[in-house]
Colleague: 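Could you have a look at this structure, given as structure tokens, before my questions?
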There are 2 protein chains.
Amino acid sequence: MTTPPREMTRPAPGRRDTRQRRAVLGALERATGFASAQAIHARLRAAGTPVGMATVYRVLRDLADTGQVDVVRDDAGEQQFRRCTPGHHHHLVCVACGRAVEVESVAVERWAEEMGRANGFTDVHHDVELFGTCSRCAGA
Amino acid sequence: MTTPPREMTRPAPGRRDTRQRRAVLGALERATGFASAQAIHARLRAAGTPVGMATVYRVLRDLADTGQVDVVRDDAGEQQFRRCTPGHHHHLVCVACGRAVEVESVAVERWAEEMGRANGFTDVHHDVELFGTCSRCAGA
DNA sequence: TATAGAGTGAGAATCACTATCGATAACAGG
DNA sequence: CCTGTTATCGATAGTGATTCTCACTCTATA
Ligand SMILES: [Zn+2]
Ligand SMILES: [Zn+2]
Ligand SMILES: [Zn+2]
Ligand SMILES: [Zn+2]
């Protein structure tokens with residue numbers, strides 16, 4: 001394949017390309033699985049690329065709003081971000097190492113739609129996340 | 001009607017039957033759909049049955065731990081509680097009025113298990129919530 | 001290069017939720 | 001009904017994540 005112009009760092013239309021935005025995006029790109037805003041902030045500071053807390057949150061929220069990152073809440077209610085394939089899809093996350101794999105979800109999509117129709121609901125959408133222990137962590 | 005031995009107020013084994021616990025449970029029972037701890041606290045105060053904030057949270061957490069209430073996080077990350085059928089199941093919630101209906105979920109259960117197996121994950125569990133606008137609210 | 005205004009960040013403000021711990025009240029016995 | 005044991009209360013002081021402020025900085029562009 002060609003893998004041309006890395007759009008990774010390209011700011012969304014109307015957005016400016018700043019060092020901070022690039023840094024947050026980079027940290028997200030570098031992360032194995034999900035990462036919290038706090039974690040990203042800490043990593044950037046440790047990496048010698050300090051970015052203000054407010055900015056980290058601002059960029060992450062923007063990325064989430066434009067569908068460039070996934071957001072889920074962990075049990076403590078903290079937001080966890082993950083850079084991944086654009087478009088609707090779901091994950092199977094390892095509760096031990098955080099690694100996440102995108103899973104095929106036609107079945108749920110169909111089920112959700114079906115349930116909505118069956119109950120007379122419109123504009124039906126859903127939150128679906130799978131958790132478990134990956135083979136690598138299970139073996140340890 | 002007979003309104004028999006309402007188990008609703010029966011404290012879990014080892015728990016004491018207090019006015020506060022009864023009040024929280026009652027508020028939950030009375031609620032249409034999901035309710036936040038803050039909301040329950042406010043309602044009880046307004047109803048002239050004041051209960052400490054800490055107690056509301058304590059009771060709700062206990063009920064959740066013993067599977068007597070469902071807990072979900074809204075977009076703001078706030079916990080929402082709902083008294084309902086014990087045992088694993090999912091809901092279709094109206095984003096307008098909060099009313100929620102329990103939906104049949106064999107399909108998702110099977111799908112979740114399948115995905116776990118397919119990816120070598122063990123102890124797979126899931127978070128699944130459906131949202132939409134109920135017919136009543138859609139008509140308004 | 002000059003300029004408009006998007007973007008930044010230190011620090012204050014929110015806010016849901018938890019920890020403290022002395023006071024209070026269930027409840028099993030007697 | 002009295003009483004000791006203790007679970008439970010609740011006013012209050014945290015905690016910790018996320019947001020708000022707003023003067024200052026830098027990107028994008030003519
Ligand atoms: Zn793992
Ligand atoms: Zn889906
Ligand atoms: Zn409705
Ligand atoms: Zn399920």
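Letters go in sequence order (proteins before strands), and every chain restarts at 1.
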Colleague: Do any side-chain nitrogens or oxygens of A:T18 fall under 4.0 Å of OP1 or OP2 in D:dT27?
Modeller: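 The answer is no; no side-chain N or O of A:T18 sits under 4.0 Å from OP1 or OP2.
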Colleague: Which value, rounded to the nearest 0.5 Å, describes the distance between A:T55 atom OG1 and A:R19 atom CZ?
Modeller: 9.0 Å
Colleague: After noting the C-alpha distance and the side-chain angles of B:T66 and B:Q68, does the key distance pass the side-chain hydrogen bond (donor to acceptor under 3.5 Å, both in side chains) rule?
Modeller: CA-CA 6 Å; B:T66 56; B:Q68 297 177 71; 2.7 Å; yes
Colleague: Should B:Q79 be listed as having a side-chain N or O under 4.0 Å from OP1 or OP2 of C:dC17?
Modeller: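 It does, given that an N or O in the side chain of B:Q79 lies less than 4.0 Å from OP1 or OP2 of C:dC17.
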Colleague: More 5' along DNA chain C: B:Q80 or A:V59, using each one's nearest nucleotide?
Modeller: A:V59
Colleague: Does A:Y57 place a side-chain N or O at less than 4.0 Å from the phosphate oxygens OP1/OP2 of D:dT18?
Modeller: yes
Colleague: Answer yes when B:R110 and B:E113 have at least one side-chain N-carboxylate O distance shorter than 4.0 Å, and no when they do not.
Modeller: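 Result for this pair is no, no salt bridge flagged.
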Colleague: Between C1' on D:dA17 and CZ on A:R73, what's the gap in Å once rounded to a whole number?
Modeller: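 Whole-Å distance recorded here is 9 Å.
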Colleague: What is the distance from NE2 of A:H41 to P of D:dG16, rounded to the nearest Å?
Modeller: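 Spelled out: NE2 on A:H41 to P on D:dG16 is 16 Å.
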Colleague: B:I40 has an atom CD1; how far is it from atom C1' of C:dA16, in whole Å?
Modeller: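 About 14 Å, once rounded to whole Å.
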Colleague: Which whole-number value in Å describes the distance from B:D62 CG to D:dA7 C1'?
Modeller: 12 Å
Colleague: I want to check one thing: is the phosphate of D:dT8, taken as OP1 and OP2, less than 4.0 Å away from some side-chain N or O of B:Q20?
Modeller: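 Negative; the distance criterion is not met.
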Colleague: Could you state the CZ-P distance from B:R22 to D:dC9, rounded to the nearest angstrom?
Modeller: 10 Å
Colleague: Expressed as a whole number of angstroms, how long is the span from B:R15:CZ to D:dT8:P?
Modeller: 6 Å
Colleague: Nearest to the B:A37 side chain among D:dC9, C:dC17, D:dA11, which nucleotide is it?
Modeller: C:dC17
Colleague: Figure out the CD/P separation between B:E78 and C:dA16, and round it to whole Å.
Modeller: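 The distance from CD of B:E78 to P of C:dA16 comes to 5 Å, rounded to the nearest Å.
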Colleague: Ignoring hydrogens and geometry beyond distance, is the side chain of A:R61 in donor-acceptor contact with the base of D:dT18 at under 3.5 Å?
Modeller: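 Under the 3.5 Å cut-off, the side chain and the base do not form any donor-acceptor pair.
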Colleague: Can you see if the side chain of A:R21 gets near the phosphate of D:dC26 - specifically, an N or O under 4.0 Å from OP1 or OP2?
Modeller: no
Colleague: Between D:dA11, D:dT27, D:dC9, which nucleotide gets closest to the side-chain atoms of B:T55?
Modeller: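 Minimum distance to the B:T55 side chain belongs to D:dC9.
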Colleague: Rounded to whole angstroms, how far apart are CG on B:D17 and P on D:dC9?
Modeller: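 In whole Å, D:dC9 P lies 10 Å from B:D17 CG.
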Colleague: Have a look at the helix from C:dT1-D:dA30 to C:dG30-D:dC1 and give the angle its two end axes make, five pairs each, rounded to 10 degrees.
Modeller: 40°
Colleague: Of the nucleotides C:dG7, C:dT20, D:dT18, which has the atom closest to the B:R58 side chain?
Modeller: C:dT20
Colleague: Kindly indicate whether the side chain of A:H89, heavy atoms from C-beta on, has any atom under 4.5 Å from the side chain of A:C84.
Modeller: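 Yes, their side chains come closer than 4.5 Å.
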Colleague: For the atom pair CG (B:D123) and SG (A:C137), what is the distance rounded to the nearest 0.5 Å?
Modeller: 11.5 Å
Colleague: What about A:R19: does its side chain form a donor-acceptor pair under 3.5 Å with the base of C:dG7?
Modeller: no
Colleague: Quick check on B:R45: does its CZ atom have over 12 non-hydrogen neighbours (other residues, nucleotides or ligands) under 6.0 Å away?
Modeller: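 Not more than 12 within 6.0 Å, no.
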Colleague: When the ring planes of B:H90 and B:H126 are compared, do they come out parallel, tilted or perpendicular, using 30° and 60° as the limits?
Modeller: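 The arrangement is tilted - the two ring planes meet at 30° to 60°.
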Colleague: About how many Å separate OG1 of B:T49 and CZ of B:R43, when rounded to the nearest 0.5 Å?
Modeller: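 B:R43 atom CZ to B:T49 atom OG1 measures 13.5 Å (nearest 0.5 Å).
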